[in-house]
There are 2 protein chains.
Amino acid sequence: MVELIFIFKEWLYNFVKEGVLMQLYNTSQYAIRVLNFIANHSDNRLYSAKELSEVLNIPYKFLTKIMGILVKTGFISSIQGREGGYELNKPASEIKLIDILNTFNDDTDNESCILGIGICDSLNKCALHDQWMEPKSLMRKMFEETTLNNLTCKDCKL
Amino acid sequence: MVELIFIFKEWLYNFVKEGVLMQLYNTSQYAIRVLNFIANHSDNRLYSAKELSEVLNIPYKFLTKIMGILVKTGFISSIQGREGGYELNKPASEIKLIDILNTFNDDTDNESCILGIGICDSLNKCALHDQWMEPKSLMRKMFEETTLNNLTCKDCKL
DNA sequence: TTCAATTACTACTTAAAGGTAGAATTTAAA
DNA sequence: TTTAAATTCTACCTTTAAGTAGTAATTGAA
Ligand code: SF4
Ligand code: SF4
């Protein structure tokens with residue numbers, strides 16, 4: 001019941017309006033959460049799409065689509081059939097956030113940027129360039145240096 | 001009960017809108033560039049949609065749609081008819097980037113964030129929270145503190 | 001007055017992300 | 001062997017940002 005009340009509170013908030021600023025694709029968010037969940041429960045067992053969908057509250061059918069991509073791109077391997085599921089294909093310390101984002105075309109290249117005016121370099125900059133460089137580089141640093149084993153966090157939302 | 005909660009979560013899901021990508025909407029980019037162009041050429045004349053479209057390389061028909069919004073939201077005023085055009089409605093120093101973004105639903109509230117998991121506060125955080133706070137706050141600071149008169153930049157791309 | 005340049009309005013189309021449906025395939029437990 | 005639980009595959013639907021089209025209304029200049 002407590003959980004229901006919390007969910008309802010959440011619904012009220014989101015129903016009114018959920019705006020976003022500089023946000024990742026849903027797909028990228030889901031992928032990070034899935035991979036991180038598996039990484040931080042790595043007790044050598046398989047995780048089924050059904051379990052992941054319920055625990056992480058990601059639509060089942062959309063999740064299975066994402067899992068297929070994660071398998072093909074080598075982040076995870078899958079065991080088919082009854083009692084099957086997914087497991088990490090490499091150590092959590094080798095999975096960088098930037099790799100996950102690139103998989104889902106969350107643009108991380110330097111060519112297109114905050115004002116999106118063609119190719120950018122120090123000689124060819126837009127009016128926001130100087131202000132944007134510091135936040136941008138910190139953000140890139142985070143995505144490039146954070147691996148799944150940096151995200152071990154008890155009691156964090158899943 | 002667990003089943004009921006899961007069903008409720010699935011149902012709730014339909015009402016939750018989630019994010020875009022780690023960049024601004026095209027519309028926001030265009031709006032910033034248009035307003036900044038007018039602001040940094042403020043020699044008391046009007047700028048027509050045709051001129052703005054050509055100089056800034058923004059599709060004419062899309063631009064006029066955006067201009068209509070900027071007029072209604074009070075950023076600019078328009079003079080109709082032959083020799084008409086647009087001009088800033090208030091000093092460049094009073095137009096913050098964050099206000100432009102909010103106009104086009106590049107929303108900036110703190111509730112939804114990088115992993116997009118419901119309501120966020122210090123007690124209820126996601127696995128990326130600690131890493132994300134610094135880049136995020138710098139980014140917000142930039143949008144909140146930068147006004148159009150901070151963007152006067154010779155030879156910058158338009 | 002006429003006309004051309006302009007904004008304003010309504011409606012439509014396109015592209016891409018987000019999400020769903022259903023059935024085939026695999027596999028281990030019963 | 002049968003069956004249920006699981007992945008995989010193809011195709012489709014929905015939503016929203018992005019962009020286009022056409023026309024009415026406005027207005028100063030010729
Ligand atoms: S901030 Fe710099 S790199 Fe980004 S769009 Fe502007 S000029 Fe290009
Ligand atoms: S980084 Fe913090 S504020 Fe952002 S989604 Fe995660 S918990 Fe919420």
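Excluded from the calculations below are hydrogen atoms, water molecules and symmetry mates; all remaining heavy atoms, backbone and side chain alike, are included.
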Fill in the blank from the handout: Which of C:dA28, C:dA8, D:dA29 is nearest the side chain of B:V71? It is C:dA8
Completion exercise
Rounded to whole Å, CD of A:E83 lies from C1' of C:dA30 at a distance of 12 Å
Fill in the blank from the handout: Rounded to whole Å, CG of B:L46 lies from P of D:dT26 at a distance of 18 Å
Practice task
Can you tell me the distance, in whole Å, between the NZ atom of B:K72 and the C1' atom of C:dT7?
Solution key: 12 Å
Exercise for the section: Return no unless some side-chain N or O of A:Y86 is found under 4.0 Å from OP1 or OP2 of D:dT8. Expected result: yes
Handout entry: Rounded interatomic separation in angstrom, taking CD1 from A:I66 and C1' from C:dT20
Key = 13 Å
Exercise for the section: Whole angstrom is fine here: how far is it from CD1 in A:I69 over to P in D:dT7? Expected result: 15 Å
Exercise for the section: Look at B:S78 and C:dA8 and indicate whether a side-chain polar atom (N or O) is within less than 4.0 Å of OP1 or OP2. Expected result: yes
Practice task
Answer yes or no: does a side-chain N or O of A:S48 lie under 4.0 Å from OP1 or OP2 of D:dA5?
Solution key: no
Please tabulate, one pair per line, each protein N/O and nucleotide N/O from nucleotides 19-22 of chain D that are separated by under 3.5 Å, including the distance.
unit_1: D:dG19; atom_1: OP2; unit_2: B:Y30; atom_2: OH; d: 3.3
unit_1: D:dG19; atom_1: N7; unit_2: B:K65; atom_2: NZ; d: 3.3
unit_1: D:dG19; atom_1: O6; unit_2: B:K65; atom_2: NZ; d: 2.6
unit_1: D:dG22; atom_1: N7; unit_2: B:K61; atom_2: NZ; d: 3.0
unit_1: D:dG22; atom_1: O6; unit_2: B:K61; atom_2: NZ; d: 2.5

Handout entry: Gap between atoms CD and C1', on B:E51 and C:dA5 respectively (whole Å)
Key = 14 Å
Exercise for the section: Kindly check if the number of other-residue, nucleotide or ligand heavy atoms within 6.0 Å of NZ (B:K90) is above 12? Expected result: yes
Problem - B:N124 and A:K157: CA distance, side-chain angles, deciding distance, side chain to side chain contact (heavy atoms under 4.5 Å, CB included) verdict - result: CA-CA 7 Å; B:N124 245 329; A:K157 287 183 294 183; 4.0 Å; yes
Practice task
Round to a whole Å and report the spacing from CZ of A:R82 to P of D:dT8.
Solution key: 18 Å
Fill in the blank from the handout: In whole angstroms, the gap separating P of D:dT16 from OH of A:Y25 amounts to 17 Å
Handout entry: Exceeds 12 heavy-atom contacts within 6.0 angstrom, atom NZ of B:K50
Key = no
Practice task
May I ask you to check whether over 12 heavy atoms, not counting those of A:D130, lie within 6.0 Å of atom CG?
Solution key: yes
Handout entry: Ionic contact status for B:R45 with B:E51, cut-off 4.0 Å
Key = yes
Problem - Side chain to side chain, A:E134 and B:M142, heavy atoms closer than 4.5 Å - result: no
Handout entry: Heavy atoms from other residues, nucleotides or ligands near NZ of A:K96 exceed 12 (cutoff 6.0 Å)
Key = no
